[in-house]
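The chain is numbered in sequence order, starting from 1. Note that the structure is a prediction, hence the values are computed from the model and not measured.
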Amino acid sequence: MRTDNRTVKNTVVSIYFILIVFGILMITVFNSLDFFVDSTFFIFLGLFVVLVLFHSIAGYFEYDSDGSKIIILNKGLILTEYINYRENKVEFARHQLIGYKIKDYFLYKSLVVLYKTYDGKQAKERFNVTLLKRRKMRYVKQSLRKTLKENKKRKEG
């Protein structure tokens with residue numbers, strides 16, 4: 001099964017644009033009003049915190065379990081065609097999957113995957129799945145659950 005959240009990219013770009021325009025608008029309005037002179041720094045600090053928080057949440061997620069390998073990819077949404085930043089890619093055979101867990105925080109969701117490396121050690125990788133729709137998240141869970149079930153049968157038999 002293959003799924004991703006590429007349809008969210010236009011929404012994310014729009015939100016970035018709105019935040020930047022709102023910041024520029026605030027600069028021009030606060031420079032003309034003497035009433036907000038003392039609180040201007042805190043308002044811009046709040047806007048910066050919102051921008052950084054949104055930047056950490058906005059990410060591209062791709063899951064591919066077709067074939068003999070499972071491939072999970074996380075990367076940034078903006079400028080990914082030009083600069084490959086914040087990329088986290090994991091590729092392992094289906095039989096190497098040990099477990100998974102989905103952690104749901106208030107504004108952030110993550111998928112933690114536990115798998116065996118080829119030298120027998122366990123590795124844990126975390127992926128940002130915040131912008132993945134509920135239906136697609138259900139498909140990812142279903143695929144991982146099915147793989148774990150097959151691995152359990154293989155181990156017993």
Side-chain angles (χ1 to χ4, degrees), residues 1-27 40-152:
M1 187 206 45
R2 187 178 180 126
T3 187
D4 59 22
N5 66 346
R6 79 178 62 170
T7 58
V8 140
K9 184 174 184 173
N10 291 336
T11 307
V12 169
V13 171
S14 300
I15 291 173
Y16 273 120
F17 179 75
I18 289 170
L19 285 173
I20 291 171
V21 167
F22 186 66
I24 292 170
L25 183 66
M26 284 180 22
I27 289 172
T40 305
F41 172 74
F42 295 110
I43 292 172
F44 285 117
L45 182 65
L47 183 65
F48 181 73
V49 167
V50 168
L51 189 66
V52 168
L53 182 69
F54 185 72
H55 180 72
S56 65
I57 289 173
Y60 175 76
F61 176 79
E62 184 177 320
Y63 176 82
D64 183 11
S65 65
D66 292 340
S68 64
K69 291 192 174 194
I70 295 175
I71 302 168
I72 306 173
L73 172 72
N74 240 157
K75 62 182 179 179
L77 275 173
I78 306 295
L79 301 174
T80 54
E81 292 85 26
Y82 310 108
I83 303 170
N84 196 6
Y85 71 105
R86 296 192 313 165
E87 183 174 89
N88 183 16
K89 183 176 182 180
V90 129
E91 187 174 332
F92 56 90
R94 289 175 156 275
H95 69 276
Q96 292 176 304
L97 181 67
I98 297 173
Y100 75 95
K101 190 175 212 175
I102 295 169
K103 296 190 177 188
D104 188 4
Y105 304 106
F106 185 66
L107 292 174
Y108 185 80
K109 284 184 185 175
S110 68
L111 168 68
V112 179
V113 178
L114 187 65
Y115 63 97
K116 273 189 183 174
T117 59
Y118 288 105
D119 58 353
K121 297 180 182 176
Q122 291 183 356
K124 186 190 295 187
E125 291 288 334
R126 182 178 315 270
F127 298 95
N128 179 2
V129 293
T130 305
L131 298 179
L132 193 64
K133 293 184 180 176
R134 219 177 260 173
R135 180 176 52 97
K136 289 187 178 186
M137 193 66 220
R138 209 173 331 136
Y139 295 152
V140 170
K141 283 185 204 177
Q142 182 181 12
S143 173
L144 290 171
R145 211 176 307 127
K146 180 182 172 189
T147 303
L148 283 174
K149 195 174 187 180
E150 289 173 0
N151 290 348
K152 189 175 179 182

Contact between [X] and [Y] at the side-chain level, heavy atoms closer than 4.5 Å - yes or no?
X    : Y    : answer
E125 : I72  : no
L144 : L111 : yes
V90  : F127 : yes
Y105 : T130 : no

Whether [X] side chain and [Y] backbone form a donor-acceptor pair below 3.5 Å:
X    : Y    : value
T3   : Y63  : no
N128 : I57  : yes
T117 : Q122 : no
E91  : I71  : no
S143 : V140 : no
R94  : G67  : yes

Only one of N5, D4, N74 passes side chain to side chain donor-acceptor pair (under 3.5 Å) with Y60; say which it is. D4
Please report the interatomic distance [atom1]([X]) to [atom2]([Y]), rounded to the nearest 0.5 Å.
X    : Y    : atom1 : atom2 : answer
L97  : L148 : CG    : CG    : 4.5 Å
K101 : L114 : NZ    : CG    : 11.0 Å
I70  : T147 : CD1   : OG1   : 4.5 Å
K89  : E62  : NZ    : CD    : 8.0 Å
F54  : L19  : CZ    : CG    : 7.0 Å
R2   : D64  : CZ    : CG    : 4.5 Å

Can you list everything that forms a side-chain contact (heavy atoms from CB on, under 4.5 Å) with L25? Sequence neighbours excluded, please. T28, V29
Mark yes when over 12 heavy atoms from residues, nucleotides or ligands other than F22 sit less than 6.0 Å from its CZ; otherwise mark no. no
Looking at K116, I'd like to know if its NZ atom is crowded, meaning that more than 12 non-hydrogen atoms belonging to other residues, nucleotides or ligands lie closer than 6.0 Å. no
Nearest heavy-atom contact between Y100 and K141 is OH-O, 3.7 Å
Over all heavy atoms of both residues, which pair between T7 and K133 is shortest? Give the atoms and the distance, please. OG1-NZ, 4.3 Å
Sequence-distant partners of Y139, ring pair (Phe, Tyr, Trp, His ring centres under 6.0 Å), two or more places apart: none
For Y115, enumerate each residue passing the ring pair (Phe, Tyr, Trp, His ring centres under 6.0 Å) test, keeping only those at least two apart in sequence or located in another chain. F92
Would K103 and R126 satisfy side chain to side chain contact (heavy atoms under 4.5 Å, CB included), going step by step from the backbone distance to the final call? CA-CA 10 Å; K103 296 190 177 188; R126 182 178 315 270; 3.9 Å; yes
